[in-house]
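Protein chains get the first letters and strands the later ones, always in sequence-line order, with residue 1 at the start of each.
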2 protein chains.
Amino acid sequence: MSPRRSSPARAAALERSAPLFAALGDPTRLRLVARLGGEGPLSIARLSAGAGVTRQAVTKHLRVLADAGLAHAARRGRESVWQLDRKRLEDARRHLDLISQQWDLALGRLRDFVEE
Amino acid sequence: MSPRRSSPARAAALERSAPLFAALGDPTRLRLVARLGGEGPLSIARLSAGAGVTRQAVTKHLRVLADAGLAHAARRGRESVWQLDRKRLEDARRHLDLISQQWDLALGRLRDFVEE
DNA sequence: GGCTTGTGCAACTTCTGGGTTGCATAATTC
DNA sequence: GAATTATGCAACCCAGAAGTTGCACAAGCC
């Protein structure tokens, strides 16, 4: 095995995280994430109260977040309580880190090349 | 002023970062970002070679990245060379950090409440 | 000057995402 | 058991995103 993973492998891993960023890329959804992050687990009804959209819209958004692995629900009586999955959030963060790091390296190589 | 910024201010700041995540939320675009991150500044022609789509499609995507503040171009002769803007990448990362942190706090409060 | 290469602009198609309304149904509460 | 509350499901609308093709044009190369 190579100490530096080959680009294709990394590229594939990165591309797979696109849905994750897409899930975070909607204002309404980001607001839901922020509320879940700030207030803890909440039911759909309570989440809908604050949002400026219909309950069904909220439900759809939650579904998207769930598909991206960012949140999940637990049925409690007649209500379904949603909460965040921190792990995926950190995954996303790590991806951004990776790009930033590579970017530094690339600029370094570029500078070396120019100065040569 | 309050030591802990009020939620509305934070919420607004977070919501403003939605376009940023949206820009990263497309596989083709994420691939462009990865390539720019890994190989350094590249012209549209070179970027189009690797991508599985038309040059015009690539141009559009680059435009989106630029609008999100994630990249910018510099004209060099007849070609326009694109490169990443690391600052915005870190902004995005910081937002994710913030949510994660709040989430920890929220879970802590919840635990305290239950154990009480 | 003539050919090739690298971009920009514009019109057009297609498909998906965000949102809604309407109706059905399971849990609670009184 | 009747009224209320919390959700799920399905059909539908509409705007915008992703991609394409076609044409014009500037910059380099011979």
Side-chain angles (χ1 to χ4, degrees), chain A residues 11 14-36 39-83 92, chain B residues 11 14-36 39-84:
Chain A
L14 253 175
E15 251 176 280
R16 237 173 286 128
S17 68
L20 213 165
F21 289 118
L24 293 171
D26 176 85
T28 305
R29 221 141 48 212
L30 206 48
R31 228 163 94 188
L32 289 177
V33 170
R35 282 195 61 192
L36 286 176
E39 308 176 27
L42 291 172
S43 71
I44 295 181
R46 297 199 65 180
L47 282 172
S48 301
V53 294
T54 322
R55 172 181 60 82
Q56 286 82 345
V58 170
T59 300
K60 277 195 181 178
H61 282 303
L62 289 173
R63 182 88 191 184
V64 173
L65 291 176
D67 288 345
L70 282 168
H72 69 272
R75 201 74 200 230
R76 182 129 81 179
R78 66 179 158 184
E79 59 188 6
S80 81
V81 181
W82 285 76
Q83 71 177 68
Chain B
L14 252 174
E15 252 176 278
R16 239 173 285 129
S17 68
L20 214 165
F21 289 120
L24 293 172
D26 176 85
T28 303
R29 222 141 49 210
L30 205 48
R31 228 163 94 189
L32 290 177
V33 170
R35 282 195 62 192
L36 286 176
E39 308 176 28
L42 291 172
S43 72
I44 295 180
R46 298 199 64 180
L47 282 172
S48 301
V53 294
T54 322
R55 172 180 60 83
Q56 286 83 346
V58 170
T59 299
K60 277 194 182 180
H61 282 302
L62 288 174
R63 180 92 192 181
V64 173
L65 290 176
D67 287 345
L70 282 168
H72 69 273
R75 200 76 199 228
R76 180 129 82 179
R78 65 179 159 185
E79 59 189 5
S80 81
V81 182
W82 286 76
Q83 70 178 66
L84 291 183

>> Within the 4.0 Å heavy-atom criterion, would you say A/S80 contacts the bases, only the backbone, or no part of the nucleic acid?
In response: sugar-phosphate

>> Using only atom types and a distance under 3.5 Å, with no angle test, would you say the side chain of A/R29 pairs donor to acceptor with the backbone of A/A23?
In response: yes

> When rounded to the nearest 0.5 angstrom, what is the spacing between OG1 in A/T59 and CD1 in A/I44?
Replying inline: 4.0 Å

> A/R75 side chain N/O closer than 4.0 Å to the phosphate oxygens (OP1, OP2) of C/dA27?
Replying inline: no

> From the list D/dG28, C/dT28, C/dT7, which nucleotide is the closest neighbour of the side chain of B/S43?
Replying inline: C/dT7

> So, do A/L36 and A/L47 sit near enough that their side-chain heavy atoms are less than 4.5 Å apart?
Replying inline: yes

> About how many Å separate CG of B/D26 and CZ of A/F21, when rounded to the nearest 0.5 Å?
Replying inline: 12.5 Å

>> For a quick test of reading the model, state the closest non-hydrogen atom pair linking B/P19 to B/A68 and the distance between them.
In response: O-CB, 4.2 Å

> Looking across every strand, which nucleic acid part, if any, lies under 4.0 Å from B/R29 by heavy atom: base, sugar-phosphate, or nothing?
Replying inline: sugar-phosphate

> Under 3.5 Å, is there an N or O donor on one side and an acceptor on the other linking the side chain of B/R78 and the base of C/dT5?
Replying inline: yes

> To the nearest angstrom, how far is B/L47 atom CG from C/dG8 atom P?
Replying inline: 12 Å

> For the pair made of CG in A/D26 and C1' in D/dA15, what is the distance, rounded to whole Å?
Replying inline: 14 Å

> Rounded to the Å, how far apart are A/R76 CZ and D/dT7 P?
Replying inline: 12 Å

>> Quick check on the helix from C/dG1-D/dC30 to C/dC30-D/dG1: what's the angle between its two end axes, five base pairs per end, to the nearest 10°?
In response: 30°

>> Below the 4.0 Å mark, does D/dG19 have OP1 or OP2 next to a side-chain nitrogen or oxygen of B/T54?
In response: no

>> Let's see if you get this right: which residues in residues 55-63 of chain B place a heavy atom under 4.0 Å from DNA chain D?
In response: B/Q56, B/A57, B/K60, B/H61

>> Taking only side-chain N and O atoms of A/T28, does any of them lie within less than 4.0 angstrom of OP1 or OP2 on C/dG19?
In response: yes

> How close or far is atom C1' of D/dA18 from atom CG of B/L32, stated in whole angstroms?
Replying inline: 13 Å

>> If you only use heavy atoms from C-beta on, which nucleotide in C/dT28, D/dG28, C/dG8 is closest to the side chain of B/I44?
In response: C/dG8

> Where do A/R31 and A/G50 come nearest, in terms of heavy atoms and distance?
Replying inline: NH2-O, 3.1 Å

> Which heavy atom in B/V33 sits nearest to a heavy atom in B/L84, and how many Å separate them?
Replying inline: O-CD1, 3.8 Å

> Could you state the CG-C1' distance from A/L42 to D/dA6, rounded to the nearest angstrom?
Replying inline: 14 Å

> Rounded to whole angstrom units, what separation is found between the CZ atom of B/R31 and the C1' atom of D/dA18?
Replying inline: 14 Å

> Can you tell me how far CG of A/L65 sits from CG of A/L30, rounded to the nearest 0.5 angstrom?
Replying inline: 9.5 Å

> Do side-chain atoms of A/R46 reach the backbone of A/V81 as a donor and acceptor pair under 3.5 angstrom?
Replying inline: no

